S.K.: 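So that we are looking at the same thing, I have put the structure below in structure tokens.
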Amino acid sequence: MELGLVGLGKMGGNMRERIRRAGHTVIGYDRNPDVADVHSLEELVGKLKGPRVVWVMVPAGAATQSTIDELAELLSPGDVVVDGGNSRWTDDEKHAVELGIKGIGFVDCGVSGGVWGLENGYALMYGGTEENVAKVQPIFDALKPEGDFGSVHAGKVGAGHFAKMVHNGIEYAMMQAYAEGWELLEKVDSVTDVREVFRSWQEGTVIRSWLLDLAVNALDDDEHLDKLRGFAADSGEGRWTVEAAIDNAVPLPAITASLFARFASRQDDSPQMKMIAALRNQFGGHAVENKK
């Protein structure tokens, strides 16, 4: 099938390549002309045959809103817009109404996989009507990992981004646990090879995971993380997870504490946040702050 893809950054560019490898046609637009296939959204829409599917991979908030506003004026009834960025689920509900007035379908899709997704596939969580999801399904199938798992129609519009938000909240807490354990091991005199302790946990333990593998990768690059400043940003989804927990009276002590730990990292050069920063760089290519 044909797909219009808006936003060809670290995630979007690799997604374009993976979809093309599966035999589909992708026409990509980005503000950077060096990576774009077309020079405008209008040109992108004009090159697609109806019913069109346009996948948006731009930053959440104003950038996503302006892109959807422009697409609403360019697309036709029966077309579908997919928001694959990290939008808040409440924005999805608003976008579905705005596009629905013009007869344009909307699907929200949480995407996980980071810089490794091109080769390993992307975990996908999507929300929308059965009819609109069906129009996008060949693309979901191209992006997901091999096998029976890795993608889910999570429910109504907003469900995909809500599920991805909770996924990221869990990710916060898991990274924080590894980081706290790493700092404690580094602190005591009796443990002389912390990196190899972490490596030993990769087989046969109940805490083995891909995040643990990435922690070992980071320690192989910089054994004591001396090159990093103990600062870790938050994408916003951890905050939204905690806010949703408050709204629904669901206790989330571990996730909430991990979010607050990131806030603390902005006040001090936190050893734990060196590991958090290293892990975010390993799985998502997120920027790190090196020591001056």
Side-chain angles (χ1 to χ4, degrees), residues 6-7 11-12 15 53-65 67-68 71 80-100 104-114 117 121-137 139-141 143-145 149-176 210-211 233-260 262 280 283-284 286:
V6 183
M11 288 277 281
M15 289 168 63
V53 176
V54 179
W55 189 303
V56 178
M57 285 295 292
V58 302
T64 294
Q65 183 66 61
T67 302
I68 289 177
L71 287 172
V80 174
V81 173
V82 182
D83 180 3
N86 284 329
S87 294
R88 190 181 174 112
W89 81 96
T90 49
D91 289 343
D92 297 325
E93 296 166 354
K94 175 174 175 285
H95 294 153
V97 170
E98 292 169 347
L99 292 169
I104 302 166
F106 179 81
V107 174
D108 64 288
C109 184
V111 181
S112 181
Y122 299 88
L124 307 172
M125 297 143 269
Y126 36 92
T129 67
E130 294 284 353
E131 178 185 5
N132 288 330
V133 166
K135 293 177 181 178
V136 192
Q137 193 64 53
I139 303 302
F140 292 147
D141 293 342
L143 287 171
K144 69 178 288 294
F149 305 107
S151 71
V152 60
H153 185 181
K156 298 182 290 186
V157 164
H161 280 142
F162 194 94
K164 176 58 163 49
M165 177 194 74
V166 174
H167 166 281
N168 282 21
I170 293 169
E171 177 188 293
Y172 273 48
M174 291 176 66
M175 288 196 291
Q176 185 64 28
W210 186 40
L211 277 176
D234 68 284
S235 63
E237 295 199 60
R239 300 184 190 210
W240 300 341
T241 306
V242 172
E243 290 170 3
I246 293 169
D247 291 342
N248 291 279
V250 175
L252 299 184
I255 292 173
T256 303
S258 68
L259 174 64
F260 287 175
R262 295 202 186 184
R280 294 180 81 243
F283 70 71
H286 299 289

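Everything numeric here is computed off the predicted structure, so don't read it as measured data. For this chain, numbers begin at 1 and follow the sequence in order.
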S.K.: Any side-chain heavy atom of Gln176 within less than 4.5 Å of one from Phe260?
M.R.: no

S.K.: Can you tell me how the ring of Trp210 sits relative to the ring of Phe283, calling it parallel under 30°, perpendicular over 60° and tilted otherwise?
M.R.: tilted

S.K.: Is there a donor-acceptor contact under 3.5 Å linking the side chains of Gln65 and Glu98?
M.R.: yes

S.K.: Treating Ser258 as the side-chain partner and Ile255 as the backbone partner, does any N or O pair qualify as donor plus acceptor under 3.5 Å?
M.R.: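 Side chain of Ser258 to backbone of Ile255, a donor-acceptor pair under 3.5 Å: yes, one is there.
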
S.K.: Begin from the C-alpha positions of Val82 and Val56 and carry the test side chain to side chain contact (heavy atoms under 4.5 Å, CB included) through to its verdict.
M.R.: CA-CA 6 Å; Val82 182; Val56 178; over 6 Å; no

S.K.: Are the side chains of Met15 and Tyr122 in contact, using a 4.5 Å heavy-atom criterion?
M.R.: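 Counting from C-beta outward, Tyr122 and Met15 do come under 4.5 Å.
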
S.K.: Return the minimal non-hydrogen interatomic distance between Trp240 and Arg88, and the atom names on each side.
M.R.: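 The pair with the smallest heavy-atom distance is CD1-NH1, 2.8 Å.
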
S.K.: Could you check whether any side-chain heavy atom of Val81 comes within less than 4.5 Å of a side-chain heavy atom of His95, counting everything from C-beta outward?
M.R.: no

S.K.: Where is the tightest heavy-atom contact between Leu71 and Ile104, given as atom of each residue plus distance?
M.R.: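 Leu71 and Ile104 have their closest heavy atoms at O-CD1, 4.5 Å.
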
S.K.: Are any of the side-chain nitrogens in Lys135 or Glu130 under 4.0 Å away from the carboxylate oxygens of its partner?
M.R.: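 Looking at Lys135 and Glu130, the cut-off is not met.
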
S.K.: Yes or no on side chain to side chain contact (heavy atoms under 4.5 Å, CB included) for Trp55 and Val80, after CA distance, side-chain angles and deciding distance?
M.R.: CA-CA 8 Å; Trp55 189 303; Val80 174; over 6 Å; no

S.K.: Where do Met125 and Ser112 come nearest, in terms of heavy atoms and distance?
M.R.: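 For Met125 versus Ser112, the nearest heavy atoms are CE-CB, 4.4 Å.
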
S.K.: Take Ile68 and Phe106, measure what side chain to side chain contact (heavy atoms under 4.5 Å, CB included) needs, and give me the verdict at the end.
M.R.: CA-CA 10 Å; Ile68 289 177; Phe106 179 81; 4.1 Å; yes

S.K.: Does Ser151 use its side chain to pair, donor to acceptor, with the backbone of Leu124 at less than 3.5 Å?
M.R.: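 Pair absent, no side-chain N/O of Ser151 close to backbone of Leu124.
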
S.K.: How many angstroms lie between CG in Asp108 and CG in Asn86, if you round to the nearest 0.5 Å?
M.R.: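 Spacing of CG (Asp108) from CG (Asn86) equals 11.5 Å.
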
S.K.: Show the nearest heavy-atom pair for residues Gly238 and Tyr172, with the distance to one decimal.
M.R.: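 It is N-OH, 3.7 Å.
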
S.K.: Indicate yes or no: at least one non-hydrogen side-chain atom of Met57 is less than 4.5 angstrom from one of Val6.
M.R.: no

S.K.: Could you tell me the separation between the OG1 atom of Thr256 and the CD atom of Glu243, rounded to the nearest 0.5 Å?
M.R.: 10.5 Å

S.K.: I'd like to know if the side chain of Asp91 reaches the main chain of Ser87, judged simply by a donor and an acceptor atom lying under 3.5 Å from each other, with no hydrogens or angles considered.
M.R.: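 Side chain of Asp91 to backbone of Ser87, a donor-acceptor pair under 3.5 Å: no, none is there.
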
S.K.: Going by salt bridge (charged side-chain N to carboxylate O under 4.0 Å, His left out), name the residues that satisfy it together with Glu93, two or more places apart in sequence or in a different chain.
M.R.: none

S.K.: Can you sort out the partners of Arg239 under salt bridge (charged side-chain N to carboxylate O under 4.0 Å, His left out), two or more places apart, ordered by chain and number?
M.R.: Asp234

S.K.: Indicate yes or no for a side-chain donor-acceptor contact from Arg280 to the backbone of His286 under 3.5 Å, with no hydrogens or angles considered.
M.R.: no

S.K.: I'd like a table of donor-acceptor pairs (distance under 3.5 Å, sequence neighbours excluded) in which one partner is a side-chain atom from residues 155-168, with atom names and distances.
M.R.:
residue	atom	partner	partner atom	Å
His161	ND1	Asp92	OD1	3.0
His161	ND1	Asp92	OD2	2.7
His161	NE2	Asp83	O	3.3
His161	NE2	Gly85	O	2.7
His161	NE2	Cys109	O	3.4
Lys164	NZ	Asn168	OD1	3.1
Asn168	ND2	Glu237	OE2	3.2

S.K.: Between Ile139 and Val53, does the side chain to side chain contact (heavy atoms under 4.5 Å, CB included) criterion hold? Intermediate values first, please.
M.R.: CA-CA 10 Å; Ile139 303 302; Val53 176; 5.6 Å; no

